[in-house]
Amino acid sequence: RTIADVSFTVTLNDTHDSMLLLKSFRSARSAHAHQLILLSSIMAARGHVQDPNDRRLRPIYGKIHITCLMTKLYEAAVRKVPTSEEYHSHLFMAYARVGEYKKMQQAGMALYKIVPKNPYYFWSVMSLVMQAISAQDEKLSQTMFLPLAERMVEKMVKEEKIEAEAEVQLYFMILERLGKYVEALEVVQGPLGEKLTSELQSRENKCMMLYRRLERWAECNALSCKLLLKNPDDWQFYILYFDSLFYLIDQSWAPPQEGAHSAEGEVHASTAQAISFMEDRIATEEAKESKHLRGPYLARLELIRRLRERSCPEAQQLGEPLELMFQFFVKFGDKPCCITDLEIFLDLLTPDQHVQFINRLMEAVPLGAPGEDGVALPGDTRALQRHLCVTQLSRSLGQQHALNTEGKLGLIKELKAHYRHGLQFGKSCLKTELQFSDMYCLMAAHVYIDLWLETGESNMLWQCLGLLEEGLSNSSSNAQFKLLLLLLYCRLGAFEPVVDLYSSLDAKHVQHDTIGYLLTRYAESLGQFAAASQSCNFSLRFFHSNQKDTSEYIIQAYKYGAFEKIPEFIAFRNRLNHSLHFAQARTERMLLDLFLEADTSSPLEESVKSMSLCPEEDDIPWDSLRDNRDLTVLVSWNPKDRQLNEEHKQHSLEDDTLWLRLRSLTLRLIGCVSALTHPPTSRNSEKTTENGVAAKPSSLQSLLSQLENTLNQATQFTEKQLQYPFVGPVPSRLAQALSSGCCQCQLSSLQLPLHLQELETAGLDDSTELQTQISNLFKSLAVQLQDMLEKCKGDLLEVKDDQTKPQQFLLENLVYFVETICIVLWVSNYCGSVLRPLKSSLQKKKKKKKECRVGRESLSLERQTQSEAEGTFTKTAMDKVQSSYLRSLQEIGELLKKRADTLKSLKI
């Protein structure tokens with residue numbers, strides 16, 4: 001597209017400006033940013049900039065992320081044509097792209113003076129608000145930027161020039177940020193509030209928010225009552241009603257002797273009034289013949305919960321929760337939302353009522369007569385949905401977890417029967433639609449996982465994989481099947497099938513951050529280096545395009561007056577820039593490139609230089625890292641004591657952060673080693689490299705000290721051994737890396753350059769003790785490598801007692817061994833560059849060998865009762881795991897072979 005635009009421009013107007021434009025395009029294509037900056041400066045200095053050229057330069061500059069050059073071009077254009085509305089508006093948008101809020105304010109006012117239109121004036125006001133939001137000094141925001149913005153809007157209000165809803169929204173935003181809630185309430189309730197029409201109940205929602213902040217609970221209560229009378233199914237207003245009710249009760253609020261209770265009308269300030277209000281809502285619903293609303297029934301249960309928390313005896317007046325939940329099931333049990341509705345109120349039941357509750361619900365499930373296998377099946381989709389809801393609730397109550405092994409196997413058999421029976425109801429479904437009985441298959445897979453974790457029998461895991469593969473063959477668009485398969489294959493160390501599964505999920509936009517970690521966590525650690533590179537690229541491409549995309553969103557928000565969205569876009573961009581996954585993917589990608597390419601296809605120094613890696617600068621915002629992972633993306637019906645909790649989330653975040661810190665320090669230390677490499681003539685002089693990285697011993701020493709401290713923290717952290725739920729966060733690579741010994745070995749090897757620098761300075765004659773120390777370090781390093789190699793030996797698929805047990809940790813250990821070999825070779829290369837001029841006779845003897853094995857014979861399951869179709873799907877899953885292992889070993893072997901070739905150059 002850009003080529004066509006440039007060709008069109010040159011053809012249309014073959015002037016010198018057009019030729020400069022073509023040169024700019026060529027500079028961008030060849031990534032010569034310095035040439036592009038020079039050409040831009042020439043065009044800007046002339047002040048002769050044609051608008052078609054501007055529009056075609058924009059994508060060129062955006063391509064190499066220097067859109068700031070557009071501001072210079074438009075500044076020149078504005079100076080040339082100071083009365084041009086188009087150039088001024090383009091200049092404003094150019095400033096918006098680079099976040100120059102002060103200049104945006106000035107450009108907006110300049111534009112308003114030329115063309116006195118309201119949108120331009122409020123562009124300037126919004127730019128003031130953005131200066132307040134981005135200011136480091138909160139006091140400056142509250143005393144200068146926001147008050148100035150308020151006065152500018154008040155001027156338009158007094159002159160009655162407010163025209164659009166967006167202008168009122170901006171005024172409201174300013175008052176809200178200043179904490180002037182009373183004034184904001186007056187605006188919303190006054191004539192200006194009548195312009196708030198784009199959203200349903202916009203005025204009411206804003207009033208409710210302001211009442212809460214002002215702690216006007218009486219008005220909040222009365223308004224929520226009125227809104228619930230209009231819409232009895234709006235859950236947010238039930239919550240506000242209950243919150244305000246109990247605040248008023250705690251404050252012993254009493255209505256005034258005369259006049260209205262509040263500005264919004266009658267207030268409920270007692271439990272009796274609340275109970276009466278709920279009963280009236282229920283009575284209204286009961287009077288309907290059809291299309292009952294769920295809100296009032298759920299609100300009654302919520303009121304019971306709150307009354308019980310306060311030990312109020314009035315809770316009994318509303319009824320027994322078990323009976324009320326049964327009635328709710330009778331009305332709404334055939335809707336998929338019934339399970340999520342009732343699940344949050346299961347804690348209202350006592351443990352003794354659990355079995356009674358499930359049995360009572362089963363009475364309302366119409367099933368046919370039991371077949372030969374003893375399983376009673378539903379006759380239509382509504383009955384199926386009711387039975388599925390009861391089954392899900394029984395798992396949420398812990399009844400499935402309480403079964404013994406035989407009971408769980410019987411349950412799996414029953415769930416499979418329901419699943420396969422339910423497929424008949426979805427024969428006419430499109431490929432993109434889910435089968436009605438998919439959740440039976442998913443729940444059976446969860447029970448298989450329970451058995452695997454409890455018994456350790458790998459056959460349970462293989463059958464789980466087979467069942468999920470079967471489910472996916474019948475419902476190819478089921479994301480839950482894909483996600484669980486993805487997780488299971490990763491846990492087994494088989495990454496090859498994961499690539500296709502993730503690709504079929506068709507993750508969009510922010511999902512590369514929220515679920516992309518599942519890919520980048522396992523790819524490289526399982527030896528699939530090509531897939532790891534691709535996985536990191538998927539994520540990094542999204543993060544890198546975030547800056548450009550968000551700028552466009554902001555510009556569109558200015559154009560269409562969606563001012564309240566602009567701070568949200570800025571916050572979204574910052575959240576992604578500080579994403580933990582972003583930092584992980586970027587660090588792992590650089591390490592992966594070095595392990596694969598450095599000193600094989602290009603020298604280490606050049607590889608580091610191409611990355612613009614500066615070891616002395618830590619560009620990861622540790623204090624503001626954001627954990628954007630979606631840890632609840634997998635469906636789970638576990639009881640509360642088995643669910644993901646805040647402790648798990650915090651532990652996982654700390655786990656991932658520690659691992660990232662270790663990897664980041666390792667990367668920076670590799671950069672230091674590359675900077676130390678020098679020709680013999682540079683001895684005893686300050687060493688630098690072309691990429692601007694100074695080889696300072698102090699920097700190397702500091703990073704080594706940080707790595708050692710972090711390693712000690714990591715060792716202490718792994719001793720906690722907190723177990724996550726299976727469908728919760730995936731553990732980082734930290735524990736396995738420490739277990740393999742790679743971290744300590746890498747630290748030992750990276751300490752060698754410091755001793756070599758001392759030796760180089762002291763010379764051979766006066767450093768006998770130092771030479772002995774260095775010799776001992778090399779010997780210790782060889783022993784550590786040998787220990788690591790021993791931990792790599794074994795069968796990836798161990799067949800024992802008719803069980804085919806995966807030992808994926810061997811694969812991870814082998815990858816850590818290969819990474820350590822790479823680092824040791826880079827350090828050894830530097831050592832050689834120091835020792836050769838000294839004519840040292842140090843000997844180095846290493847022989848690396850890959851010892852992991854995977855049987856090539858056909859894998860099978862013995863002593864398991866499976867139908868022919870089930871066996872086919874299970875065999876497919878086993879073949880995928882075996883193929884993935886072979887692929888991983890092949891890629892690891894190829895990398896080891898490349899590294900073995902570099903050993904020849906280390907001879908002194």
- Query: Got a salt bridge between R575 and D627, using NZ or NE/NH1/NH2 to carboxylate O under 4.0 Å?
  - Reply: no
- Message: If you apply the rule side chain to side chain contact (heavy atoms under 4.5 Å, CB included), what do you find for L227 with D234, and how did you get there?
- Response: CA-CA 8 Å; L227 293 173; D234 198 325; over 6 Å; no
- Message: Just so I know, are the side chains of V267 and W253 near enough to count as touching, which here means a heavy-atom distance under 4.5 Å?
- Response: yes
- Between A94 and T71, the two heavy atoms sitting closest are O-CG2, 3.6 Å
- Item | Side-chain touch L192/V157, heavy atoms, less than 4.5 angstrom | yes
- Salt bridge or not for R294 and D233, using N-O below 4.0 Å? no
- Report the residues that fulfil ring pair (Phe, Tyr, Trp, His ring centres under 6.0 Å) with F542, sequence neighbours left out, ordered by chain and then residue number. H509
- Message: I want to check something: taking the side chain as every heavy atom from C-beta on, are L580 and N628 in contact at a cut-off of under 4.5 Å?
- Response: no
- Heavy-atom closest pair (V115 atom, Y120 atom, distance to 0.1 Å) is O-CD1, 3.4 Å
- Query: Less than 4.5 Å apart, any side-chain heavy atom of E167 and any of K161?
  - Reply: no
Please set out all donor-acceptor pairs under 3.5 angstrom arising from side-chain atoms of residues 553-568, sequence neighbours excluded.
none

- Message: If you define the side chain from C-beta out and look only at heavy atoms, does anything of L111 sit under 4.5 Å from S89?
- Response: yes
- Could you tell me whether a side-chain N or O of E654 sits under 3.5 Å from a main-chain N or O of Q650, the two making a donor and an acceptor? no
- Query: Can you check whether L644's main-chain N or O pairs, donor with acceptor, with H648's side chain at less than 3.5 Å?
  - Reply: no
- Salt bridge check: are E154 and K158 linked by an N-O gap of less than 4.0 Å? no
- Do L660 and L625 pass the side chain to side chain contact (heavy atoms under 4.5 Å, CB included) test, and can you show the C-alpha distance, the side-chain angles, and the key distance before you say yes or no? CA-CA 11 Å; L660 174 60; L625 280 177; 4.2 Å; yes
- Item | Candidate pair S127 and F92, rule side chain to side chain contact (heavy atoms under 4.5 Å, CB included), full reasoning | CA-CA 10 Å; S127 301; F92 180 90; 3.7 Å; yes
- Query: Quick one: CD1 on I114 to OG1 on T83, what's the gap to the nearest 0.5 Å?
  - Reply: 6.5 Å
- Indicate yes or no: does E552 engage R97 in a salt bridge with an N to O separation below 4.0 Å. yes
- Query: Does a side chain donor of either Y95 or E75 reach within less than 3.5 Å of an acceptor in the other side chain?
  - Reply: yes
- Atom pair CZ/SG of R212 and C220 - distance to nearest 0.5 Å: 6.0 Å
- Test R626 against D513 for salt bridge (charged side-chain N to carboxylate O under 4.0 Å, His left out), laying out the working first. CA-CA 11 Å; R626 297 294 299 268; D513 188 19; over 6 Å; no
- Would you sort out whether W123 and Q105 count as a side chain to side chain contact (heavy atoms under 4.5 Å, CB included), showing the intermediate values? CA-CA 7 Å; W123 285 3; Q105 176 198 350; over 6 Å; no
- For the residue pair S198 and E165, confirm or rule out a side-chain donor-acceptor distance under 3.5 Å. yes
- Message: Given 3.5 Å as the limit, does a donor-acceptor pair link the side chain of S124 with the main chain of G108, or not?
- Response: no
- Min side-chain heavy-atom separation S224-M208 under 4.5 Å: yes
- CG on L128 to CG on L146, rounded to 0.5 Å: 8.5 Å
- Note on the structure: With sequence neighbours left out, the residues meeting ring pair (Phe, Tyr, Trp, His ring centres under 6.0 Å) with Y238 are W235
- Item | Q169-K206 side chain donor-acceptor pair, cut-off 3.5 Å | yes
- Message: Can you tell me if E159 has over 12 outside heavy atoms packed within less than 6.0 Å of its CD?
- Response: yes
- Item | Any donor-acceptor pair under 3.5 Å from E617 side chain to C614 backbone | no
- Would you say F572 has more than 12 foreign heavy atoms packed within less than 6.0 Å of its CZ? yes
- Query: Within 45° of the axis and under 6.0 Å from the centre of the six-membered ring of F582, does NZ or CZ of R586 qualify?
  - Reply: yes
- For residues T514 and D630, is any side-chain donor paired with an opposing acceptor at under 3.5 Å? no
- Query: With a 4.5 Å limit on heavy-atom distance, are the side chains of K226 and E266 in contact?
  - Reply: no
- Query: Taking R281 for the side chain and P296 for the main chain, is one N or O donor matched with an acceptor at less than 3.5 Å?
  - Reply: no
- In this structure, CG of N221 is separated from CG of D243 (nearest 0.5 Å) by 10.5 Å
- Specify the closest pair of heavy atoms between L653 and T657, including all atoms of both residues, with the distance to one decimal. O-OG1, 2.6 Å
- Enumerate the residue pairs fulfilling salt bridge (Lys or Arg N to Asp or Glu O under 4.0 Å) with a member in residues 107-129, sequence neighbours excluded, ordered by first and then second residue. E85-K117
- Task: Grab the two heavy atoms, one from S262 and one from A222, that are nearest each other, plus how far apart they are.
- Result: OG-CB, 3.5 Å
- Query: What's the shortest heavy-atom distance between V81 and H88, and which atoms?
  - Reply: O-CE1, 4.5 Å
- Note on the structure: H581 meets the ring pair (Phe, Tyr, Trp, His ring centres under 6.0 Å) criterion, sequence neighbours left out, with F543
- Is there a side-chain contact between R629 and S652 (heavy atoms, below 4.5 Å)? yes
- Determine whether the side chains of Q142 and E138 contain a donor N or O and an acceptor N or O closer than 3.5 Å. yes
- Query: With sequence neighbours excluded, what pairs up with H268 under the ring pair (Phe, Tyr, Trp, His ring centres under 6.0 Å) test?
  - Reply: Y241, F277
- Query: Can you tell me how far CZ of F122 sits from CG of L170, rounded to the nearest 0.5 angstrom?
  - Reply: 6.5 Å
- Item | Least distance between heavy atoms, Y101 atom then Q131 atom | CB-CG, 3.5 Å
- So E150 and K180, salt bridge (charged side-chain N to carboxylate O under 4.0 Å, His left out) or not? Walk me through it. CA-CA 11 Å; E150 181 189 14; K180 295 186 175 183; 3.0 Å; yes
- Message: Nearest 0.5 angstrom please: Y211 OH to L240 CG, how far?
- Response: 13.0 Å
